[in-house]
There are 2 protein chains.
Amino acid sequence: MTVLFSKKCEYGLQAILFMAALEEDRICSAEEISNKLNIPKEFTSKILQSLTASGLIESKKGKTGGFRLAIHPSKIKLIDIVEAIDGLESFNSCVLGFSNCSPKNPCPVHKEWGELRNKAYEMLSSETIDKFKEKTLNKISVL
Amino acid sequence: MTVLFSKKCEYGLQAILFMAALEEDRICSAEEISNKLNIPKEFTSKILQSLTASGLIESKKGKTGGFRLAIHPSKIKLIDIVEAIDGLESFNSCVLGFSNCSPKNPCPVHKEWGELRNKAYEMLSSETIDKFKEKTLNKISVL
DNA sequence: TTTTAATCAGACAAAAATATCTGATTTTTT
DNA sequence: AAAAAATCAGATATTTTTGTCTGATTAAAA
């Protein structure tokens, strides 16, 4: 079990935080990201490709090619990455797996979980990723 | 993606909440639970078997057999069911998937996520499942 | 005592998630 | 012009999760 996001999404979050922590406009290859973050190389490529398709990052082909953010880190929030990869469905589904969980047909923990879920959403959308630069660099330096 | 727990765990939570909402000591079959909760029949059996092994419920074999709680609902918390099925690892893992996430090597959202996680844990262990009886009955009546 | 209806164990199957491979294309460097 | 190093697309493989099947056993009811 992952905690909340799929592996793909976890890796995507890590990769974009990593890119945001680099010098601006620095292009880095899938291999570099794979090495720095210990993500399987080919899987890294796939995820970066899909993030390119979603418009969060952009790619440069050929020798000296690679990836970089397509949007300034001051305009990207963690939730944007989650949305691009896993979607936001989990923020709208019942934690106990009941169908039609809603204020009208609440599950036993509907209210309590709803509050937690909203806080999680807020946390992921409260700050843009440029704010995480230093923390990301510290974290990656020990990986 | 499930929200937080595996399907197995979601079904297990539903099943035990259901049993706790029945008359005390009432034995119900896997088939009944499967029908009431719309859980695949054979999968229901498997999950109930594993919950039996973990000691939360007990089984009676043969005709008129089935399952019932092995512990009084006033002594079972949601987190006990989660622990029996999914384990508690997700409450100790990094939400961004970084390794060695700890106060010494925190991920970018370590503090914030830690607080949310603790609240989720508290929510799941704050009340015993006898408290959910009425809400469960209401919910199941519309399934 | 036979039939019926249940658990149980273990194998099996299908689907989804995760990971890898292959080869084509692109672009810079030599 | 050729070599090198990258993305990219699509197929394939592996692993995990989810779900199903079969047959043995158990125990009550007919």
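Chain A is the first sequence line, chain B the second, and so forth, proteins listed ahead of strands; every chain is numbered from 1.
- If you take CD1 of A/Ile47 and C1' of D/dC8, they are 15 Å apart, rounded to a whole angstrom.
- A/Leu48 has its CG atom 13 Å from the P atom of D/dA6, to the nearest Å.
- The pair A/Glu115-A/Lys119 fails the salt-bridge criterion, with no side-chain N (NZ, NE, NH1 or NH2) lying under 4.0 Å from an Asp/Glu carboxylate O.
- A/Tyr11 has a side-chain polar atom (N or O) that falls below the 4.0 Å cut-off from OP1 or OP2 of C/dA19.
- Contact check on A/Glu31 versus A/Lys36 returns no salt bridge, with no Lys/Arg side-chain nitrogen under 4.0 Å from an Asp/Glu carboxylate oxygen.
- Summarising the geometry, the separation between CD on B/Glu31 and P on C/dC8 is reported as 16 Å, rounded to the nearest angstrom.
- Checking B/Lys41 against B/Ser45 by side-chain atom types alone, no donor-acceptor pair falls below 3.5 Å.
- Out of D/dA6, D/dA29, C/dA19, the shortest distance to the side chain of A/Lys7 is found at C/dA19.
- Of the listed nucleotides (C/dT20, D/dT18, C/dC8), C/dC8 has the atom at the smallest distance from the side chain of B/Thr52.
- Note on B/Arg68 versus B/Glu58: salt bridge recorded, some NZ/NE/NH1/NH2 to OD/OE distance being below 4.0 Å.
- Among the nucleotides D/dA28, D/dT20, D/dC8, the one closest to any side-chain atom of A/Gln49 is D/dC8.
- D/dG19 atom P lies 14 Å from atom CG of B/Leu37, rounded to whole Å.
- Remark: C1' of C/dA14 and CD of B/Glu42 are 15 Å apart, rounded to the nearest angstrom.
- A straight line from CD1 of A/Ile57 to C1' of D/dT7 spans 11 Å, rounded to a whole angstrom.
- Here C/dT26 is the nucleotide among D/dA6, C/dT26, C/dT28 with the atom lying nearest to any side-chain atom of A/Lys61.
- The base of D/dG19 has none of its N or O atoms less than 3.5 Å from a complementary donor or acceptor on the side chain of B/Lys8.
- Nucleic acid contact class of A/Gly65 (heavy atoms, under 4.0 Å, all strands): sugar-phosphate only.
- Distance CD (A/Glu58) to C1' (D/dT7): 14 Å, rounded to an integer number of Å.
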Inset, instruction - May I have the step-by-step check of side chain to side chain contact (heavy atoms under 4.5 Å, CB included) for B/Met19 and B/Ile33, ending in yes or no? - result: CA-CA 8 Å; B/Met19 287 189 273; B/Ile33 292 174; 4.1 Å; yes
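- Taking only side-chain atoms of A/Lys63, from C-beta outward, the nucleotide of D/dT7, D/dA4, D/dA6 with the closest atom is D/dA4.
- DNA chain D is contacted by both B/Lys46 and A/Cys28; A/Cys28 maps to the nucleotide lying nearer its 5′ end (nearest heavy atom per residue).
- Comparing A/Gly62 and A/Phe43, the nucleotide of DNA chain C nearest to each residue sits closer to the 5' end for A/Phe43.
- Of the two residues near DNA chain D, B/Cys9 and A/Ser59, the one whose nearest nucleotide lies more 5' is A/Ser59.
- The distance between atom CD of B/Gln14 and atom P of D/dT18, rounded to the nearest whole Å, is 13 Å.
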